[in-house]
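A short write-up of the structure that comes next.
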Amino acid sequence: MKFNKRKLFQVHSWIGIKLSILFFIVCFSGTLATLSNEMDWLFYPAIRASGAGERVPYNKMVDEVRKTYPDGSITYWVMPKEPYLNDVVYVDREGQRHYVFVDPHTGEVKGDTTVTFQRFFRDFHYYLFMPFYQIGYFMVLVFAFFLAISMATALMFYKKWWKKLFELKSGNGKLMFFRSLHRLVGLWSVPFVILFSLTGIWYFVERTNLGKVSEIANPIPPKLENEKFKHTGSLSFSYQLDYDKAAKIAQESIPGLQIRGIVPTNEASKPVYFRGTSHVPLVRNRSNRVYLDPLSYQPVMVQKAEEIPTVMYLNDIADPLHFGNWGGLATKIIWFFAGLSISGLVLTGIWIALKRQIKKTGSKPMGSWKYVNWGLVLIVIGFMYSFMILRYSLSWQSIVVVSFILGAIIWLSWYVFVFRLKKAFQE
């Protein structure tokens with residue numbers, strides 16, 4: 001039994017120590033992603049909604065966007081369910097995406113940006129800014145398995161853990177305190193670890209299309225026989241659509257539909273796509289879909305949340321459960337602190353291991369894995385800067401600010417995990 005416990009502890013420690021830097025990045029980026037819309041609210045005054053009231057017609061909003069960006073085209077339109085956020089209209093202009101903030105109560109264009117916090121942290125947590133050959137996707141998704149294994153091994157070698165949910169030892173120095181704190185936070189984080197692990201594993205199943213899950217959960221949009229139609233005029237096709245008429249037909253197709261997103265089209269052979277919420281709780285917006293012919297505005301495909309198959313239902317509840325946005329700001333804050341707790345477990349785990357190893361043998365527990373971790377981190381940072389410059393087109397002032405924050409984080413990590421521990425060992 002002792003041998004088995006030792007092996008379980010070694011597995012738990014290997015995951016938490018050898019992969020600690022990458023593990024922390026994946027957990028912490030997901031934590032920040034939970035409140036990324038609220039970060040946008042703080043940072044971009046233009047996204048802040050003016051107040052309650054009736055929505056102005058969709059066509060009026062599109063007309064205001066067209067006046068501001070006559071040479072652009074609308075590719076996506078988000079109507080956040082958060083009452084404190086304006087609509088976000090994606091406008092492509094000269095090869096650059098602009099996130100345009102439009103007040104739904106006045107129709108006024110309030111401003112725009114080339115990147116939002118929501119988009120930045122979504123890209124970061126989703127694939128670490130590494131889109132090639134899906135390497136980034138799987139680097140993130142594999143940690144769902146590591147998180148589950150780490151939790152399972154901890155509960156198996158920590159005897160009678162259910163009796164220690166309120167036990168916090170503070171005697172015998174910092175090492176004892178942080179070990180006790182690590183265990184206590186870990187125990188209270190178990191429900192969220194299970195949730196994040198299961199949804200992460202589901203994402204892996206979907207990405208690899210095991211059991212044809214991806215094919216079932218992501219139906220192919222219909223194609224239309226409108227190839228003979230030729231768009232004329234200088235304005236993009238997306239500006240000339242009748243959004244009010246299309247929205248009315250979409251809501252008639254799904255009674256009770258609250259439109260949360262529109263995917264316009266710039267080609268007559270592709271449908272206009274509406275998505276939103278209905279009376280079915282928990283599922284994300286795309287569980288309700290209405291595809292309309294952009295010429296006749298007739299529905300060509302309708303998907304209702306109450307009629308979707310089980311696999312699609314599981315796929316559509318994964319995001320709300322993973323990011324905690326199913327219950328509004330309250331659940332997002334709870335999920336944020338849960339993510340902070342799990343991120344903190346990674347940090348306290350590596351600190352405990354470093355402290356213990358230096359105290360006993362003076363050896364470095366990460367060993368050569370330190371170079372693997374930091375090598376991959378440098379690659380991620382390189383891709384991040386390429387995104388900021390090439391895709392997001394950030395100003396040099398913004399890049400300087402990001403660089404300063406990144407440098408401060410690296411310095412603080414060195415100070416806590418290298419300088420302070422080495423100084424304590426010398427003393």
* **Pairwise side-chain contact, Phe9 with Tyr158, heavy-atom cut-off 4.5 Å (strictly under)** => no

* Any pair counted as side-chain hydrogen bond (donor to acceptor under 3.5 Å, both in side chains), so long as it reaches residues 110-121, sequence neighbours left out -> Tyr44-Thr113, Tyr69-Asp112, His98-Asp112, Glu108-Lys110, Arg119-Asp123

* Listed partners of Ser278 passing side chain to side chain donor-acceptor pair (under 3.5 Å), at least two apart -> Asn288

* Among residues two or more places apart or on two chains, list those pairs meeting side-chain hydrogen bond (donor to acceptor under 3.5 Å, both in side chains) that have a residue in residues 323-347. => Glu38-Lys332, Glu82-Lys332

* What residues, two or more places apart in sequence or in another chain, satisfy side chain to side chain donor-acceptor pair (under 3.5 Å) together with Ser398? -> Ser395

* Asked: Tell me, do Ile334 and Phe192 make a side-chain contact under 4.5 Å, heavy atoms counted?
  -> yes

* Is the charged tip of Arg207 near the ring of Tyr137: under 6.0 Å from the six-membered ring centre and within 45° of its axis? -> yes

* Asked: Is the number of heavy atoms from other residues, nucleotides or ligands within 6.0 Å of CZ (Phe145) greater than 12?
  -> yes

Only pairs under 3.5 Å count here: list side-chain donor-acceptor contacts from residues 71-80, not counting sequence neighbours, and write none if there are none.
residue : atom : partner : partner atom : Å
Asp71   : OD1  : Arg93   : NE           : 3.1
Asp71   : OD2  : Arg93   : NE           : 3.4
Tyr76   : OH   : Arg275  : NH1          : 3.2
Trp77   : NE1  : Asp87   : OD2          : 3.1

* To do: Look at atom CG of Leu210 and say whether more than 12 heavy atoms of other residues, nucleotides or ligands are closer to it than 6.0 Å.
  => yes

* Taking the inter-plane angle between the rings of Trp351 and Phe178 on a 0 to 90° scale, is it parallel (under 30°), tilted (30 to 60°) or perpendicular (over 60°)? -> tilted

* Test applied, ring pair (Phe, Tyr, Trp, His ring centres under 6.0 Å); reference residue, Phe23; option that passes from Phe28, Phe143, Trp369, Trp14 -> Phe143

* To do: Taking the side chain as every heavy atom from C-beta outward, state whether Phe237 and Glu267 have any atom pair closer than 4.5 Å.
  => no

* **Qualifying residues under ring-ring contact (aromatic ring centres under 6.0 Å, His included), relative to Phe274, sequence neighbours excluded** => none

